[in-house]
Structure formats: C-alpha cells, structure tokens
Amino acid sequence: MSVKILFFAGLREALGSGSETLDLPAGIATVGELRDFLAARGEPWSALATTKNLRVAVNQQMVGLDTPVKAGDEVAFFPPVTGG
Amino acid sequence: MSVKILFFAGLREALGSGSETLDLPAGIATVGELRDFLAARGEPWSALATTKNLRVAVNQQMVGLDTPVKAGDEVAFFPPVTGG
Amino acid sequence: MSVSVQEADFDAGAEIGALSAGRDDVGAVASFVGLVRADKADGETSAAAAVKAMTLEHYQGMTEKALEEIVVQAQARWELLGVRVIHRVGRLLPGDRIVFVAVASSHRGDAFAACEFIMDYLKTRAPFWKKEETLQGGRWVDARESDDAAAGRWSDSK
Amino acid sequence: MSVSVQEADFDAGAEIGALSAGRDDVGAVASFVGLVRADKADGETSAAAAVKAMTLEHYQGMTEKALEEIVVQAQARWELLGVRVIHRVGRLLPGDRIVFVAVASSHRGDAFAACEFIMDYLKTRAPFWKKEETLQGGRWVDARESDDAAAGRWSDSK
C-alpha cells in the first residue's frame with residue numbers, strides 16, 4: 001500500500017505537480033516527516049519546507065504536522081486557504 | 001385654510017373614516033388639542049383618546065402631542081406601526 | 001438608492017443582479033426577502049388561529065419618505081455602492097413575499113450590516129400596519145417589543 | 001441543505017425562491033452574493049495592478065465536505081429551515097459572481113446571523129485558493145488577517 005499525496009495552489013505550481021503516489025518510505029511515521037522527506041529531494045521540493053504556514057490534510061481533514069501517516073492515506077499539502 | 005386629517009389602520013376602521021378636511025377650530029394650537037377636539041365628538045371618535053400609544057405625524061413627520069398645528073397642515077393619527 | 005412601495009411582487013434575482021450589473025467594484029451584495037408565515041397569532045394555539053391572509057396598509061408619501069431616510073442613514077454609517085428596498089402593500093397570503101432589501105458594497109461586512117440595519121428599522125419605524133386574518137376573524141397586529149429591541153441595538157454604535 | 005462547488009454561474013433569484021417554495025413557515029431568507037472586484041492588489045497603486053481575472057482552485061471532496069460542515073454548525077447554532085451554498089471555481093472575470101449563500105428561517109435574526117456566519121467561515125476555513133491576474137502577471141493571494149478576525153468573532157458566543 002502507498003500514500004497518495006496532493007499539492008494545491010502556489011505549492012502545486014512551484015512543484016510542477018498536483019499529485020503523486022508514493023510507497024511510504026520506512027521510518028516515516030508522521031506527515032511532518034513525510035514533508036521533510038519530500039523537501040529533502042532538493043529544488044523545487046524544498047518549497048515544502050519554505051512555504052509560509054504550510055497546511056496539511058490527512059484524508060481530507062486538516063491536521064497538525066505531528067499527525068501519524070499510514071499506508072492508504074490521502075495526504076494534501078497546501079498554503080493557507082484564501083476563500084471565495 | 002383648513003387642516004387635512006388622516007387616520008390609519010385600526011383607528012381608521014374604528015372611526016369608519018380614512019381622512020377628513022376640517023377648518024381649524026379657534027383655540028386649537030397643538031395636535032394634542034386637535035385630538036381632544038375630535039375625541040370630544042363622542043363615539044366612535046373617543047377612540048382617539050383611548051387608542052394605546054397613539055402616534056401623530058404632522059406633514060409626514062412623527063411628532064409629539066405638544067407640536068403646534070396650523071392651517072394647511074396634514075395631520076395623521078395612527079396606532080404604533082407594525083412593520084412588514 | 002431606490003425605494004418602492006407597491007402591490008406587485010418582485011424578482012429578487014433581477015434586483016440583486018441590477019446592483020452589480022455593468023460595474024466591477026461591487027464585491028458583495030447582501031439581501032433579504034421577508035415572507036408571510038402561516039403562524040398562529042401570539043398566544044394562540046388552535047388551528048383556527050393560523051394566519052390565512054395578511055393585509056398591509058401604508059401612509060402613502062410618508063412611508064416612502066421614511067424608507068428613504070433609513071437608506072440615507074445606512075449610507076452614512078457604511079460604505080455602500082447601492083441599495084434597493086421594495087415593500088409590498090395590500091392583501092398577501094402565506095408564502096407571499098412582503099419585503100426585499102439588497103445592499104451592494106465592496107466588502108461583505110458593510111453589506112450585511114447595512115442590510116440588517118435597514119430591515120430592523122423598517123420593522124419598527126416605517127409606517128406600515130399589518131392586519132392578520134384567521135378563521136376567527138381579522139385583527140390588527142400589535143407592535144412587537146422584540147422588533148423595538150432589534151432596532152434599538154443600532155442606536156449606540158456601529 | 002445543499003452545497004455545490006461548480007464552474008457554472010448560478011441564479012440567485014431561483015435559489016432564494018426555492019428555499020421558500022411550497023411552504024408557509026419561512027418568514028425570512030437572508031442571502032449573499034460575492035463578486036470579483038477589479039481592485040488593485042494590496043499596496044499597489046498603478047493601473048497595471050488592477051485585477052483582470054481570478055482563478056479559484058479547490059480540493060475536490062474536501063472542499064464540499066468543509067462547506068457541509070460549516071452548514072451543519074450553522075444549523076446547530078440557529079433555527080434554520082433551509083440553507084443553500086454555491087461556490088464557483090475556475091477562471092472568473094471582474095463582475096462575475098463567485099459565491100452564493102442563502103439561509104431560510106422563521107425569523108430574520110437567525111437567517112442573517114447564519115448567513116454571515118457561513119460566509120465568514122467560508123472565507124477562512126474552506127479549501128479555496130485564489131490567483132489574481134493583473135497586467136503585471138499572476139499571483140496567489142495571501143490569506144487575509146481581516147478574514148480570520150471576522151471568523152474568530154463567532155468562536156466565543158452567538
């Protein structure tokens with residue numbers, strides 16, 4: 001089982017990607033660790049570490065970076081929402 | 001010159017009259033005195049004295065009973081408004 | 001600003017659309033539609049007390065002037081780009097529209113506040129009288145203290 | 001309760017009418033239409049900074065769920081008889097409608113409060129992102145503190 005990762009708005013544009021599917025690497029237990037893993041790929045992925053007030057949702061619920069992540073989850077990273 | 005007198009809503013129905021034109025009787029200087037003059041006609045006009053919270057407008061502006069009335073004025077008596 | 005007192009029904013969508021048509025500075029249109037409810041009169045419980053119809057009376061000339069004054073007050077308090085007020089008179093049935101207020105502004109806070117302000121004043125200050133018909137007969141509605149309280153909250157500050 | 005996220009425009013009058021159609025217990029429908037303004041971006045003064053278009057992005061699934069949660073919260077706080085929320089996504093031009101919220105209730109106080117509550121939350125909590133296009137290019141809008149403040153005022157009490 002893998003995790004589905006989604007990116008939105010300015011972050012999606014910076015990464016040049018709206019989504020990817022990833023086999024959850026060993027040792028990654030939280031969404032914060034998942035973010036660090038992706039950011040460590042270097043440019044442009046470091047945007048995940050530098051985006052101000054980065055938000056995370058797991059299975060479409062907003063969560064904190066210390067939230068556990070497990071195979072089968074849908075994890076979304078995005079900047080603060082700006083409404084309608 | 002005369003005064004035009006208007007009645008609205010429940011008061012209009014009680015009096016059986018929506019308006020009348022009256023030569024302002026001598027000695028009547030305020031809308032309160034005008035009301036007393038009309039109420040003194042007896043039934044059904046005494047409703048002008050017994051209507052709870054009777055409101056008065058002179059020339060389409062809400063006023064108090066001590067407001068002067070003069071020939072040419074439009075004086076309206078009505079119960080408290082009840083909105084839309 | 002446009003105020004109408006009329007027997008005819010109105011088209012809320014057309015009125016809302018007209019407030020922003022052809023312009024690009026309106027960010028918010030708050031609006032309100034009031035309708036006749038088939039409620040029982042206060043304190044009544046029997047089915048015969050349900051409102052079957054309502055007749056609205058106004059003071060032609062003064063009523064329009066009162067509505068325009070309310071709108072001018074709202075325009076002085078908030079940054080508004082357009083206001084539309086329509087109030088129906090005559091005999092109306094449950095489910096019928098009675099009143100429409102729409103306020104356009106750059107920002108939603110001003111639009112909402114002005115729309116509610118106009119409605120609150122309109123329910124207390126404008127010369128309208130309501131007569132309700134039930135199976136028990138017709139009766140003129142008494143002024144409601146809750147409406148006075150709603151209007152009173154605007155008197156101290158924004 | 002009905003929530004839609006869609007590219008298509010909406011008909012505010014038809015939506016308002018639908019909330020009271022065929023019933024006689026709705027006394028009040030408060031509604032709001034949000035539109036795209038051609039304002040200059042914050043801090044900008046040149047004509048080239050005027051907004052020429054706006055693109056709204058959402059998180060399909062989560063956004064609808066967030067809007068439904070907001071409506072459920074409103075229904076818990078106030079006595080409501082119907083709620084309709086429509087939010088558009090995609091590319092919109094100045095003057096275009098973006099968002100619609102309408103709330104039906106027996107009484108106007110509940111309808112106004114719930115409508116403004118839903119709008120305030122919608123501007124802060126629902127997953128939408130706005131990109132503005134000016135002659136200087138496109139840029140993603142930053143979250144606004146004034147919107148956070150507007151939503152925050154609901155947290156203490158009614």
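Chain A is the first sequence line, chain B the second, and so forth, proteins listed ahead of strands; every chain is numbered from 1. This is a predicted model, so every value here is computed, not measured.
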Seminar exercise, completed: Ranked by heavy-atom pairs below 4.5 Å to chain D, first place among C:A12, C:P94, C:A21, C:A30 goes to C:A30
For this session: Find the one option among C:G34, C:S31, C:G95 whose heavy-atom pairs under 4.5 Å with chain D are most numerous.
Result: C:S31
Problem set entry | Greatest number of heavy atom pairs closer than 4.5 Å to chain C - which of D:A102, D:A14, D:G27, D:G13 | D:G27
Exercise. Heavy-atom distance under 4.5 Å to chain C: side chain of D:V36, backbone, both or neither?
Worked result: backbone
Problem set entry | Audit row: C:I16, D:I16, side chain to side chain contact (heavy atoms under 4.5 Å, CB included) steps and yes/no | CA-CA 11 Å; C:I16 291 168; D:I16 291 169; 3.7 Å; yes
Exercise. Near D:Q60 CD, under 6.0 Å, is it more than 12 heavy atoms from other residues, nucleotides or ligands?
Worked result: no
Exercise. Any idea which of C:V26, C:D25, C:L35, C:L93 has the most non-hydrogen atom pairs under 4.5 angstrom with chain D?
Worked result: C:L35
Exercise. Most heavy-atom pairs under 4.5 angstrom with chain C, which of D:D11, D:V99, D:D24?
Worked result: D:D24
